[in-house]
Protein chains: 2
Amino acid sequence: MKEQAFPPEDPVAGLTVFLVDDDEAIRNSLSRALQKRDYRVETFASAADFLISFDGKTPGCLILDYGMPGMNGLELQTYLTSAGHDLPIIFITGHGGVPESVQAIKAGALDFLEKPFRQSVLIERIETAFALVADHQAARAGSERLRAKFDRLTSREIEIVRHMVSNPSETSSKEVGARLGISPRTVDHHRARILEKLQIRSVAELISMAQHFLARD
Amino acid sequence: MKEQAFPPEDPVAGLTVFLVDDDEAIRNSLSRALQKRDYRVETFASAADFLISFDGKTPGCLILDYGMPGMNGLELQTYLTSAGHDLPIIFITGHGGVPESVQAIKAGALDFLEKPFRQSVLIERIETAFALVADHQAARAGSERLRAKFDRLTSREIEIVRHMVSNPSETSSKEVGARLGISPRTVDHHRARILEKLQIRSVAELISMAQHFLARD
DNA sequence: GGTTACCTAGGCAGAACTGCCTATAAGTTG
DNA sequence: CAACTTATAGGCAGTTCTGCCTAGGTAACC
């Protein structure tokens with residue numbers, strides 16, 4: 001393992017390190033150190049400042065001071081989580097203790113570092129976070145493509161898909177037709193349209209691709 | 001089962017609290033307090049003692065001292081995890097710090113309590129752990145039933161199931177037969193046996209129930 | 001040596017699926 | 001109003017599935 005300043009795969013890759021800390025000295029020294037390693041860094045003096053600027057879409061990770069006046073790190077984490085963002089969070093803290101760290105990690109934080117910490121450790125965690133983000137993006141891209149196809153289906157077609165996915169033992173036209181009160185022939189017609197729109201060739205394939213995000217209800 | 005001073009929802013329900021701590025005073029006071037609340041408690045003075053007695057099947061949770069001579073709490077946790085046990089672990093510690101707690105929680109510990117702690121907090125965590133175990137048992141029971149059915153399939157039948165699950169676009173007898181180098185008619189025969197053994201009626205149902213634990217390879 | 005299990009494979013008939021066509025009615029949109 | 005979409009439904013031919021039957025070869029087990 002050769003640890004270098006410039007890993008072969010560009011570590012930045014469009015990802016941003018958001019740094020939120022009320023201590024200006026820390027902001028300055030950390031952001032300088034990170035920028036020297038070619039990380040794109042944005043700094044904020046408070047959780048509120050961050051929330052004002054953050055668009056929820058920019059991929060990256062959040063280095064977050066736990067103890068800050070106003071909205072503290074935990075509150076920001078809770079808010080971001082409930083808002084559905086998946087920005088990985090690395091806490092840094094001057095006075096946080098065991099209970100705080102436990103709560104933060106349980107809530108999904110990637111790590112909880114006590115100041116002072118070695119920059120190498122922070123860098124390592126940032127890389128972990130970025131790898132995580134890359135995974136999420138890949139997974140999301142896949143499900144977005146799928147979602148786009150499903151969005152082409154009409155409500156009746158979706159109804160039929162739902163029925164087949166949640167009742168895979170009753171997928172024949174006769175059974176589905178009976179359940180929906182329509183002719184089996186009409187179900188044939190809908191099924192053909194569904195397979196055509198989703199670009200698949202069999203009901204088996206439909207079950208396979210649909211049950212992931214139609215599992216609910 | 002004798003009638004005792006059980007709370008409305010029996011908190012014990014056959015689950016055991018395993019208590020591992022090298023401090024005898026703690027073992028005694030904690031086990032007494034838990035037994036007074038009708039918990040079934042087993043105490044151990046070391047990780048080694050626990051491992052000798054633990055059969056890996058008794059459901060319950062583990063209250064584990066982090067800093068012990070010999071094998072410490074983290075090592076025991078790592079061992080149990082790698083051995084495939086899902087015993088929830090609640091760490092208690094006299095001297096552990098933030099890094100230790102972070103590592104423990106990341107590794108899946110339910111909580112990390114600093115001594116001294118209030119018994120009410122511990123009780124609460126134990127209840128959380130027991131609820132978790134109950135969930136796991138329910139989930140396991142379901143997948144065990146499924147596994148039992150799949151175990152009745154012959155190797156050739158499993159091969160066909162795997163092919164259909166991982167290639168849901170090629171589930172017709174003709175395609176599967178071509179892929180396996182056998183007659184479509186033979187695939188028909190296997191398919192019928194498969195559906196019969198799994199007590200299902202369609203390939204769609206097969207895909208639906210098989211892709212959960214045949215997803216790999 | 002007989003029994004059992006498994007893999008192989010075919011015949012045949014009825015059911016279901018598939019792809020092509022048409023067609024009506026309702027609702028939306030330009 | 002015309003055009004379009006959606007849901008409905010049928011005809012027809014070819015393919016596939018399904019359930020019933022038979023049957024040969026191989027391997028394991030008693």
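In the text below, chain A, chain B and the rest are named by the order of the sequence lines, each starting its count at 1. In this text, all values refer to a predicted model and were calculated from it rather than measured experimentally.
- For B:Ser173 and B:Arg191, the side-chain atoms include at least one donor-acceptor pair closer than 3.5 Å.
- Ranking D:dT8, C:dC17, C:dT8 by closeness to the B:Thr186 side chain, first place goes to C:dT8.
- Between the CD1 atom of A:Ile182 and the C1' atom of D:dG10 there is a distance of 14 Å, rounded to whole Å.
- In this model, a donor atom of one side chain and an acceptor atom of the other lie less than 3.5 Å apart for A:Ser101 and B:Ser101.
- Contact between the side-chain N/O atoms of B:Arg156 and the OP1/OP2 oxygens of C:dT8 is found at a separation under 4.0 Å.
- Nucleotide C:dA5 holds its P atom 13 Å from the CD atom of B:Glu196, rounded to whole Å.
- Across all strands shown, A:Ser172 has heavy atoms under 4.0 Å from sugar-phosphate atoms exclusively, and none from any base.
- B:Ile160 places its CD1 atom 8 Å from the P atom of C:dC7, with the value rounded to the nearest Å.
- The separation between B:Glu159 atom CD and C:dC7 atom P is 10 Å, rounded to whole Å.
- The side chain of A:Thr154 places no N or O atom within less than 4.0 Å of a non-bridging phosphate oxygen (OP1 or OP2) of D:dT5.
- Donor-acceptor pairing under 3.5 Å is lacking for the side chains of A:Glu75 and A:Thr78.
- Across all strands shown, B:Arg185 has heavy atoms under 4.0 Å from base atoms, whether or not it also approaches the sugar-phosphate.
- Atom NZ of B:Lys106 has more than 12 heavy atoms from other residues, nucleotides or ligands within 6.0 Å.
- Rounded to whole Å, the distance from CE on A:Met164 to P on C:dA16 is 13 Å.
- Put simply, A:Lys174 has a side-chain N or O that comes within less than 4.0 Å of OP1 or OP2 on C:dA16.
- The separation between B:Arg193 atom CZ and C:dT4 atom C1' is 14 Å, rounded to whole Å.
- Ring orientation note: the planes of A:Phe50 and A:Phe18 are nearly perpendicular, at an angle over 60° on the 30°/60° scale.
- Of the two residues contacting DNA chain C, namely A:Thr171 and B:Gly181, the nearest-nucleotide position lying further toward the 5' end is that of B:Gly181.
- The side chain of A:His190 contributes no N or O atom lying less than 4.0 Å from OP1 or OP2 of D:dT6.
- Along DNA chain D, the nucleotide nearest A:Pro184 and the nucleotide nearest A:Lys197 are compared for position; the residue whose nucleotide lies closer to the 5' end is A:Lys197.
- For C:dC6, the OP1/OP2 oxygens have no side-chain nitrogen or oxygen of B:Ser155 closer than 4.0 Å.
- Between the NE2 atom of B:His189 and the P atom of C:dG11 there is a distance of 16 Å, rounded to whole Å.
- Each of D:dC17, D:dA7, C:dT8 was ranked by its minimum atom distance to the side chain of A:Glu157; first place goes to D:dA7.
- Counting to the nearest Å, the C1' atom of D:dC17 and the CD1 atom of B:Ile194 are 14 Å from each other.
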